Engineer: 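There's a structure below that I have some questions on.
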Amino acid sequence: ACRIIFHTQIYFRGRAGHPDGLSCSFFVKITLLGLRRAGVENKSVFLQYNLKENRVMKILAVGMNYAKHNKELDGTLYKPEEPVIFAKPDSALLKDGKPFFIPDFTKQCDYETELVIRICRLGKNIAPRFAYRYYDAVTVGIDFTARDLQRKFRKEGLPWELCKGFDSSAAIGDFVSKEELPDIQQIPFHLDIDGHTVQEGYSGDMLFAVDELIAYVSRFYTLKIGDLLFTGTPSGVGPVAVGQHLQGYIQERKVLDFNVR
């Protein structure tokens, strides 16, 4: 018999341009000691964890950022004086094509298709002219909303967290580098359900542009690497049903693909 000891070492690999001093990734070296007594050389295993790809700090979202969507909800082309911001907990995140399960506390769970921005730098009180430096990739996401609860909460003047921030309510697809796309305010996107397009959007129709949103939210929140910003939904929202297949596209590039259960 022999005793096996796990000896763990963590190595940080830095990269220039990260103002918070955090590295983009770190390596964990696990060495199995004591094997030599059994006639086996000590073994080391390296595991790499990429902070930028896997760590989500917070999920911020924008409401009422498309005039036609505001009309379909409230009957008027209403424009807020300032962006309407709310947050979702990290438990709301749904990714990697995992299925969405309709919660049992709502009778109408709606999809809201949105462009989602990924934050890549630490920032606070960011000027609009510098905001483009603070995000590096875009995807399509679904802001699932318990619409019946939202109507109730809005009528009573209550917060939206329960109808917007429940588990798996923030579905995201694969990210596309912004360098592969045209201007951030010239991006068409759409959602297909069972092969039929049900919602289409164009980032140029936003009431508050992406850079404005970055600057605005950074007044209140320190933005960190891995934060996500849902930028609002265009018109065409609607309920989902068990058995449906949802696919989201940036231009004609499919980035989101999952089923409803």
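Just so we're clear, the structure is a prediction, and the values are computed from it rather than from any experiment.
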Engineer: Name all residues meeting the side-chain hydrogen bond (donor to acceptor under 3.5 Å, both in side chains) criterion together with D110; count only those two or more places apart in sequence or in a different chain, and write none if there are none.
Structural biologist: Q108, R147

Engineer: Begin from the C-alpha positions of L228 and I119 and carry the test side chain to side chain contact (heavy atoms under 4.5 Å, CB included) through to its verdict.
Structural biologist: CA-CA 6 Å; L228 301 178; I119 302 299; over 6 Å; no

Engineer: Should the ring pair F258 and F144 be called parallel, tilted or perpendicular, given that the plane angle runs from 0 to 90° and is split at 30 and 60?
Structural biologist: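 If you compare the ring of F258 with that of F144, the planes turn out perpendicular.
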
Engineer: Walk me through whether D143 and K88 qualify under side chain to side chain contact (heavy atoms under 4.5 Å, CB included).
Structural biologist: CA-CA 10 Å; D143 169 20; K88 293 172 178 270; 2.8 Å; yes

Engineer: So, taking the atom named OH in Y134 and the one named CD1 in I225, what distance separates them when rounded to the nearest 0.5 Å?
Structural biologist: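 Y134 OH to I225 CD1: 11.5 Å, rounded to 0.5 Å.
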
Engineer: Just by distance, do the side chain of Q247 and the backbone of D257 share a donor-acceptor pair under 3.5 Å?
Structural biologist: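 Looks like no, no N/O pair under 3.5 Å.
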
Engineer: Please examine the side chains of R219 and N125, heavy atoms only from C-beta on, and report whether any two atoms are closer than 4.5 Å.
Structural biologist: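 They are in contact (side-chain heavy atoms under 4.5 Å apart), so the answer is yes.
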
Engineer: Donor-acceptor pair, K178 side chain versus Y135 backbone, under 3.5 Å?
Structural biologist: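 Yes; judged by distance alone, with no hydrogens or angles, the pair exists.
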
Engineer: Please lay out, stage by stage, how E212 and E82 fare under the test side chain to side chain contact (heavy atoms under 4.5 Å, CB included).
Structural biologist: CA-CA 10 Å; E212 292 180 85; E82 294 183 321; over 6 Å; no

Engineer: With a 4.5 Å limit on heavy-atom distance, are the side chains of P182 and Q251 in contact?
Structural biologist: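 Result yes, sub-4.5 Å side-chain heavy-atom pair found.
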
Engineer: Got a donor-acceptor contact below 3.5 angstrom from the T113 side chain to the L191 backbone?
Structural biologist: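 A pair under 3.5 Å: no.
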
Engineer: Do L115 and I250 touch side chain to side chain, with heavy atoms closer than 4.5 Å?
Structural biologist: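 Side-chain contact under 4.5 Å: yes.
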
Engineer: Under a single-linkage definition using a 4.5 Å side-chain heavy-atom cutoff for Ile, Leu, Val, Met, Phe, Trp and Tyr, are V237 and V198 assigned to the same hydrophobic cluster?
Structural biologist: no

Engineer: Counting only N and O atoms by type, is there a donor-acceptor contact under 3.5 Å from the side chain of T145 to the main-chain atoms of K164?
Structural biologist: no

Engineer: So, taking the atom named CG in L256 and the one named CG in L246, what distance separates them when rounded to the nearest 0.5 Å?
Structural biologist: 7.0 Å

Engineer: Can you find a pair of side-chain heavy atoms, one from I85 and one from Y216, that are under 4.5 Å apart?
Structural biologist: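 With C-beta onward as the side chain, the pair touches.
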
Engineer: Can we say D192 and K254 salt-bridge, meaning some charged N sits less than 4.0 Å from an Asp/Glu carboxylate O?
Structural biologist: no

Engineer: Is a side-chain donor or acceptor of D183 paired with a backbone partner of Q185 at a separation under 3.5 angstrom?
Structural biologist: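 Yes, the answer is positive, given that a donor and an acceptor are paired below the 3.5 Å cut-off.
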
Engineer: Exactly one of F230, W160, Y221, F153 should register a ring-ring contact (aromatic ring centres under 6.0 Å, His included) with F86. Which one does?
Structural biologist: W160

Engineer: Hey, any chance L158 and L162 share a hydrophobic cluster, counting ILVMFWY side chains that come within less than 4.5 Å of each other, even indirectly?
Structural biologist: yes

Engineer: Does D148 use its side chain to pair, donor to acceptor, with the backbone of K107 at less than 3.5 Å?
Structural biologist: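 At least one qualifying donor-acceptor pair exists.
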
Engineer: Say whether, by atom type as modelled, one donor and one acceptor occur between the side chain of S218 and the main chain of G123 under 3.5 angstrom.
Structural biologist: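 Judged by distance alone, no pair lies under 3.5 Å.
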
Engineer: Heavy-atom count around K124 NZ within 6.0 Å, excluding the residue itself: above 12?
Structural biologist: yes

Engineer: Does D227 reach the main-chain N or O of K58 with its side chain, forming a donor-acceptor pair under 3.5 Å?
Structural biologist: yes

Engineer: As a test of understanding, state which of Q199, E112, H69 forms a side-chain hydrogen bond (donor to acceptor under 3.5 Å, both in side chains) with T233.
Structural biologist: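 Of the listed options, the one satisfying the test is Q199.
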
Engineer: F189 vs Y66 aromatic rings, parallel, tilted or perpendicular, using cut-offs 30° and 60°?
Structural biologist: perpendicular

Engineer: Side-chain polar contacts of residues 200-209 - donor-acceptor pairs under 3.5 angstrom, sequence neighbours left out - could you list them?
Structural biologist:
from	atom 1	to	atom 2	distance (Å)
S203	OG	I184	O	2.8
S203	OG	Q186	N	3.1
S203	OG	I187	N	2.9

